[in-house]
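As structure tokens, the structure follows; a few thoughts come after it.
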Amino acid sequence: MKPFKSNRYMTHPLLAFALIVPLSACSLLPKEEQVLAPPLVEPAEIEYDTVEVKKGELVKHVKGLATVTPLENEPLSFTQSSGRLKKIHVKKGDAVKENQLIAELDSGSLTFELELAEIELKKAEIRLKQAKQGADSYTIDLAELDVDSLTIQIEKLKSEIDKTKIFSPLNGIVTFIEEKKAGDLIDAFQPVVQVADTSKLQLIYTATSANELNETKIGMDVKVETNGKSIKGKVVQTPSEVPREKLEENPDLYQRSIFMTVDKLPKEVNVGDSIDFDVITAKANDVLIIPKGALRSLAGRTYVQVLEGDAKREVDIDSGLVSATEVEVVSGLAEGDTVILK
């Protein structure tokens, strides 16, 4: 037998197997799917909140709820030097009559002295009657002088006692009472009670800011609505025209308030009631108007955004009258332009 000779061209069984396995493995793998390009997405259309520039009437108001108050308040005080409070006979809101006792001080010994003087006067009058029945003229004259002296003394004591009491000078209601109790010291001319004349009423409106009332003037017309009725009135006081003495009394109140009188309030309206009012402070007719919400400002520039087709642009404008909700456009826009709201 001939010996075996290797053939370099003969494939070794192991080598052949190694070559077969990768080829078979490749044939066993799934085919890769073709990667598709993502679909093109169109951007969403931007929607703006817009309004059309229009022509019309622009009115500026000061309006709200005014409070019914007395036109005149009378502060009441004791006129003697000082004293201890005895009693205040009324409460805030009470209706009072003219000459009604409001408050009084402790009169001390004055009442006792008055009673003694009145007794002495009666005795002097008896002596005078006796003298007139037969005494000489000198005795009669002296008796008459005793009566006169005691009469003057009594009048003085009564006057002093009257100074320890406060009486209402009018028919009205009590609008203020000083927080004092019996025994507290009260100075002369210190207001203790305030009485208001309810036959003369007015309206007061106090704004949150004084700037709200800058354009109100004395004499402006007022429209009042109460119980379905419309009543006319007038502005009679504004923050810029407050008398100095009133301003010193309560600067915070008077610098933010207007006062109005009304032709004739219904009988059912009482002090403290709230009533709707309207004061027209300015008016412009046939002008271009945009909502206040369309007006923009930056670094001293006043402008709006105008929508033209799908594009927007900024337009500088000059504004005129500005109300709580609308703005007058003097220049920069035309009727029919579309502006974008903020």
Side-chain angles (χ1 to χ4, degrees), residues 67-125 149-204 206 242-257 259 268-274:
T67 303
V68 179
T69 64
L71 183 62
E72 296 179 1
N73 283 288
E74 188 74 29
L76 306 179
S77 59
F78 296 103
T79 56
Q80 80 169 30
S81 58
S82 63
R84 300 286 177 181
L85 181 65
K86 182 178 180 180
K87 187 176 182 180
I88 295 177
H89 296 275
V90 294
K91 302 185 298 296
K92 186 176 179 180
D94 282 355
V96 295
K97 299 291 185 180
E98 186 177 357
N99 296 322
Q100 179 178 332
L101 180 62
I102 301 296
E104 58 183 320
L105 296 174
D106 186 352
S107 61
S109 63
L110 289 175
T111 303
F112 177 69
E113 291 174 16
L114 177 61
E115 290 175 353
L116 289 179
E118 288 174 338
I119 292 173
E120 289 299 321
L121 176 60
K122 289 179 180 179
K123 292 163 66 176
E125 289 173 341
S149 175
L150 287 167
T151 300
I152 292 172
Q153 185 179 347
I154 289 171
E155 291 301 320
K156 184 177 184 301
L157 288 169
K158 286 182 176 179
S159 176
E160 291 298 317
I161 291 174
D162 283 344
K163 290 178 182 179
T164 67
K165 297 179 180 180
I166 295 177
F167 298 92
S168 176
L170 48 81
N171 296 327
I173 63 168
V174 177
T175 57
F176 167 81
I177 293 181
E178 181 67 33
E179 292 185 2
K180 295 288 184 179
K181 61 182 183 296
D184 286 347
L185 183 64
I186 304 293
D187 294 328
F189 307 105
Q190 174 187 352
V192 177
V193 177
Q194 189 166 268
V195 177
D197 183 356
T198 53
S199 66
K200 300 174 183 177
L201 301 177
Q202 64 181 348
L203 303 180
I204 178 174
T206 302
V242 182
R244 181 178 298 177
E245 61 274 12
K246 284 192 175 182
L247 189 60
E248 291 174 352
E249 288 176 10
N250 193 337
D252 182 59
L253 172 68
Y254 289 110
Q255 287 176 349
R256 297 187 295 113
S257 301
F259 290 80
E268 61 269 20
V269 173
N270 298 307
V271 173
D273 288 351
S274 296

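From a predicted model like this one, the values you see are computed outputs, not experimental measurements. In what follows, every heavy atom counts, from backbone to side chain, and hydrogens, waters and symmetry copies are set aside.
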Considering all heavy atoms of both residues, which atom of [X] and which atom of [Y] are nearest to each other, and what is their separation?
X      : Y      : answer
Ile102 : Ser168 : CG1-N, 3.6 Å
Pro70  : Ala196 : CG-CB, 3.1 Å
Leu85  : Lys181 : CD2-O, 3.6 Å
Val90  : Gln100 : CG1-NE2, 4.1 Å
Ala117 : Leu157 : CB-CD1, 4.0 Å
Glu120 : Leu150 : O-CD1, 3.2 Å

Kindly indicate, with the supporting measurements, whether the criterion side chain to side chain contact (heavy atoms under 4.5 Å, CB included) is fulfilled by Ile166 and Val193. CA-CA 9 Å; Ile166 295 177; Val193 177; 5.6 Å; no
Rounded to the nearest 0.5 Å, what separation is found between the [atom1] atom of [X] and the [atom2] atom of [Y]?
X      : Y      : atom1 : atom2 : value
Lys165 : Ser107 : NZ    : OG    : 7.5 Å
Gln153 : Leu121 : CD    : CG    : 9.5 Å
Ile204 : Arg256 : CD1   : CZ    : 9.5 Å
Phe78  : Gln190 : CZ    : CD    : 9.5 Å
Asn99  : Asn171 : CG    : CG    : 9.0 Å
Asp94  : Ile177 : CG    : CD1   : 7.0 Å

Flag the pair [X] / [Y] as yes when at least one side-chain heavy-atom distance between them is below 4.5 Å, and no otherwise.
X      : Y      : answer
Val174 : Lys91  : no
Pro251 : Val242 : no
Phe189 : Thr79  : yes
Leu114 : Ile154 : yes

Taking Ser257 for its side chain and Tyr254 for its backbone only, find out whether a donor-acceptor pair lies under 3.5 Å.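 A pair under 3.5 Å: no.
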Check against side chain to side chain contact (heavy atoms under 4.5 Å, CB included), Arg84 and Leu185: CA-CA 5 Å; Arg84 300 286 177 181; Leu185 183 64; 3.7 Å; yes
Given salt bridge (charged side-chain N to carboxylate O under 4.0 Å, His left out), test Lys163 with Glu160 step by step and report yes or no. CA-CA 5 Å; Lys163 290 178 182 179; Glu160 291 298 317; 3.7 Å; yes
If you apply the rule side chain to side chain contact (heavy atoms under 4.5 Å, CB included), what do you find for Val68 with Asn270, and how did you get there? CA-CA 7 Å; Val68 179; Asn270 298 307; over 6 Å; no
Tell me whether Phe112 at atom CZ has more than 12 heavy atoms from other residues, nucleotides or ligands lying less than 6.0 Å away.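 Counting neighbours around CZ of Phe112, 12 or fewer heavy atoms of other residues, nucleotides or ligands fall under 6.0 Å, so no.
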What residues, two or more places apart in sequence or in another chain, satisfy side-chain hydrogen bond (donor to acceptor under 3.5 Å, both in side chains) together with Asp197?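 Only Ser199 meet the side-chain hydrogen bond (donor to acceptor under 3.5 Å, both in side chains) criterion with Asp197.
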Return the set of residues passing side-chain hydrogen bond (donor to acceptor under 3.5 Å, both in side chains) with Gln194 (not counting sequence neighbours), or none when no residue passes.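 side-chain hydrogen bond (donor to acceptor under 3.5 Å, both in side chains) list for Gln194, sorted by chain: Thr175.
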